[in-house]
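Input: a single structure, listed below in structure tokens.
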Amino acid sequence: MIQFNRDRAINFLQQILEFELAGVVRYTTYSLIANDNNKSEIVDFLEEQAEESLFHSQKVGKVLVSINGIPHSRIAPIAELESYSVKDILKASLAHEKQALGLYEKLLDALKGSNSDIEKFVSNMIEEESNHTQELAEMIDRLN
């Protein structure tokens, strides 16, 4: 078994935590804006994503604490959109999900063979993020 690099895992988990917390803010804001455009399916989806980002941040935080990491109360930067059309909101959401997926994949790569419990957790998160990415891509395609 490969030596578990706790500091590296903590660093990745903190980045992911900050990113998931930014997702809560991003999706909540987008749902409020989309609600103004009366797109209930989109609003429901964005509200669900905000709730799921909160749930993900809690799960990631628990893993972080389980390896003696201390969660910092920060969120990743959130870029403002130039336009808040439904399509632009979905495209920004897709970019966010792809970035989250990339962070989880980097963590998994860093953990390979060193901590099977965290590897399993991260693999499940990658599957969830992949599903979100696919769902967003399909939503954008339907708008075209």
Discussion item. Once side-chain contact (heavy atoms from CB on, under 4.5 Å) is applied, do any residues pair with S73, and if so which ones, sequence neighbours excluded?
Written reply: none
Item to complete: Provide the full list of ring-ring contact (aromatic ring centres under 6.0 Å, His included) pairs with a residue in residues 62-81, sequence neighbours left out, each pair given once.
Response: none
Worksheet item: Are V86 and L90 side-chain neighbours, meaning at least one heavy-atom pair lies under 4.5 Å?
Response: yes
Worksheet entry | L46 versus A34, closest heavy-atom pair with distance | CD1-CB, 3.9 Å
Response to the item:
Between L94 and A137, the two heavy atoms sitting closest are CD1-N, 4.2 Å
Discussion item. Once rounded to the nearest 0.5 Å, what's the spacing between atom CD1 of I10 and atom CG of L17?
Written reply: 12.5 Å
Worksheet entry | Within one Ile-Leu-Val-Met-Phe-Trp-Tyr cluster: V24 and Y27, side-chain cutoff 4.5 Å | no
Let me check something: any side-chain donor-acceptor pairs from residues 75-83 under 3.5 Å, sequence neighbours excluded? List them with distances.
residue	atom	partner	partner atom	Å
E80	OE1	Y84	OH	2.4
S83	OG	S85	N	3.4
S83	OG	D88	OD2	2.8

What side-chain donor-acceptor pairs closer than 3.5 Å can you find for residues 50-64, not counting sequence neighbours?
residue	atom	partner	partner atom	Å
E52	OE2	H132	NE2	2.3
S53	OG	Q49	O	3.1
H56	ND1	E20	OE2	3.3
H56	ND1	E129	OE2	3.1
H56	NE2	E128	OE1	2.6
S57	OG	S53	O	3.4
S57	OG	L54	O	2.7

Worksheet item: With side chains defined as the heavy atoms from C-beta onward, is the minimum distance between Y30 and I42 less than 4.5 Å?
Response: no
Worksheet item: So do the side chains of S114 and N5 get within less than 4.5 Å of each other, counting heavy atoms only?
Response: no
Discussion item. Q99: which residues meet the side chain to side chain donor-acceptor pair (under 3.5 Å) condition with it, sequence neighbours left out?
Written reply: none
Discussion item. Going by side-chain contact (heavy atoms from CB on, under 4.5 Å), name the residues that satisfy it together with T29, two or more places apart in sequence or in a different chain.
Written reply: V25, I33
Item to complete: May I ask you to say whether E105 pairs ionically with K98, meaning some side-chain N is under 4.0 Å from a carboxylate O?
Response: no
Item to complete: With sequence neighbours excluded, tell me which residues meet side-chain contact (heavy atoms from CB on, under 4.5 Å) with A110.
Response: R8, F12
Worksheet item: Residues in side-chain contact (heavy atoms from CB on, under 4.5 Å) with N144, at least two apart?
Response: K87, I140, D141
Item to complete: Please round to the nearest 0.5 Å and tell me the distance separating atom CD1 of I89 and atom NZ of K91.
Response: 12.5 Å
Discussion item. Restricting to non-hydrogen atoms, name the atom on L111 and the atom on A9 that form the minimum distance, rounded to 0.1 Å.
Written reply: CD2-CB, 4.1 Å
Worksheet item: Out of curiosity, L108 CG to L103 CG, how far, rounded to the nearest 0.5 Å?
Response: 12.5 Å
Discussion item. Run the salt bridge (charged side-chain N to carboxylate O under 4.0 Å, His left out) test against R74 and tell me which residues pass, sequence neighbours left out.
Written reply: E18
Discussion item. Distance check, rounded to the nearest 0.5 Å: L21 atom CG versus I16 atom CD1?
Written reply: 12.0 Å
Discussion item. For residues I67 and Y104: do they belong to one hydrophobic cluster (side chain heavy atoms under 4.5 Å, members Ile, Leu, Val, Met, Phe, Trp, Tyr)?
Written reply: yes
Discussion item. Quick check on the hydrophobic clustering: are V65 and F121 connected, directly or via other members, by side-chain heavy-atom contacts under 4.5 Å?
Written reply: no
Item to complete: Kindly compute the distance separating CG (L13) from CG (L107), expressed to the nearest 0.5 Å.
Response: 5.0 Å
Discussion item. Checking V122 against I118 for the side chain to side chain contact (heavy atoms under 4.5 Å, CB included) test, could you report, in this order, the C-alpha distance in whole Å, the side-chain angles of both residues, the deciding distance, and whether it holds?
Written reply: CA-CA 6 Å; V122 174; I118 298 177; 4.0 Å; yes
Fill in: Contacts of type ring pair (Phe, Tyr, Trp, His ring centres under 6.0 Å), residue F19, not counting sequence neighbours
H96
